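To keep things clear, I will list the structure first and then write my remarks on it.
The model shown is predicted, which means the values in this text are computed figures rather than measured ones.
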Amino acid sequence: VVLFSRFAKNSYISQGFNASKLEVIHIGPINNNISHLPPLESNNSLLKILFLGRMTRIKGVEALAKLSHSLNPLKFQINLVGQCSPEIASYIRGISNSNVLKLIENPTPNEISMYFEDSNVFALPSFNEGFNISSLEAMSYGLVPILSKNAGVAEVLENTPLARLIIDPGSVEQLKFCLNYLSDLEQGDFQDLARFSFELSRGFSFDRFAEEFLEVLMHEIER
């Protein structure tokens, strides 16, 4: 069984699967993320935080909505972008601070690209995620990631300068701590993290996944 992350592998093992039968291969964006240019330095004091995904509890959206009440609108802007029913949209708006948080429902591909390009930070406080491709897409635009340890893709941040931005699932307090930390950085230090995020993302692509998957497949055929 080929899985996208160690997090997913451990969940299979906990269900009784034989670890020797499980192979982890990290996937990456299907689009050509290596064509993106390194992020440019910005003097904008407003930290723009992007969440991209389905608006569900398992994604940790509520944590971002609740967090919006304790953030200064002159320093932070949260954009929730993704598929969303009218009922969930109404719920999110009801528990969030509209001065900080903006909800963009059912975006077009062009809108998604625009928010990638216009953001500084990607936040995913998910409770359960095999391997979130949007995180790597965001990093390929130079966004600094704040990821739940249950997001799968967070494991690529381990033992790097971005490791301190791995949080517990749905933790409002840890999200706030990370955002304040990033906001307080000197512009050059923030830019160093953005460039590191950009360079890290370049090691992950669908083509690389396909090559490694083929290697595993050929190995099994030859046994």
**Asked** So do I166 and L147 actually touch side chain to side chain, heavy atoms under 4.5 Å?
**Response**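 No. Closest side-chain heavy atoms not under 4.5 Å.
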
**Message:** Looking at every heavy atom in both M55 and L80, which two are closest together, and how far apart are they?
**Reply:**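 Nearest heavy atoms, M55 then L80: CE-C, 3.5 Å.
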
**Asked** For S148 and A154, which heavy atoms make the closest approach, and how far apart are they?
**Response**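 Looking at all heavy atoms of both residues, the closest pair is O-CB, 3.3 Å.
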
**Request:** Could you tell me which residues satisfy side-chain hydrogen bond (donor to acceptor under 3.5 Å, both in side chains) with S126, sequence neighbours excluded, listed by chain and number?
**Result:** E129

**Item:** Contacts of N18 that satisfy side-chain hydrogen bond (donor to acceptor under 3.5 Å, both in side chains) - sequence neighbours left out
**Value:** S20

Can you list the residues that meet the side chain to side chain contact (heavy atoms under 4.5 Å, CB included) rule with [X], with sequence neighbours excluded?
X	result
D189	L185, E186, D192
R164	Y181
T108	N110, E111
T56	R54, I58, K59

**Asked** Do any pairs count as a salt bridge (charged side-chain N to carboxylate O under 4.0 Å, His left out) and have a residue in residues 167-177, sequence neighbours left out, and if so which ones?
**Response**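 Applying salt bridge (charged side-chain N to carboxylate O under 4.0 Å, His left out) to every pair that reaches into residues 167-177, excluding sequence neighbours, yields K149-D168.
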
**Asked** What pairs meet the salt bridge (charged side-chain N to carboxylate O under 4.0 Å, His left out) rule with one or both residues in residues 83-110, with sequence neighbours excluded?
**Response** R93-E105

**Request:** Please collect all ring pair (Phe, Tyr, Trp, His ring centres under 6.0 Å) contacts where either partner lies in residues 83-126, sequence neighbours excluded, each pair once.
**Result:** F116-Y141

**Message:** Restricting to ring pair (Phe, Tyr, Trp, His ring centres under 6.0 Å), what partner residues turn up for F17, sequence neighbours left out?
**Reply:** Y12

**Prompt:** Can V144 be reached from F177 by stepping across I, L, V, M, F, W or Y side chains whose heavy atoms are under 4.5 Å apart?
**Reply:**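 Not linked; separate clusters.
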
**Item:** R57: salt bridge (charged side-chain N to carboxylate O under 4.0 Å, His left out) partners, not counting sequence neighbours
**Value:** E62

**Message:** Does anything in residues 68-80 form a side chain to side chain donor-acceptor pair (under 3.5 Å)? List the pairs, not counting sequence neighbours.
**Reply:**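 Those involving residues 68-80 do not exist here.
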
**Request:** Verify side chain to side chain contact (heavy atoms under 4.5 Å, CB included) between L71 and L101, making sure each step is shown before the conclusion.
**Result:** CA-CA 10 Å; L71 296 180; L101 187 144; over 6 Å; no

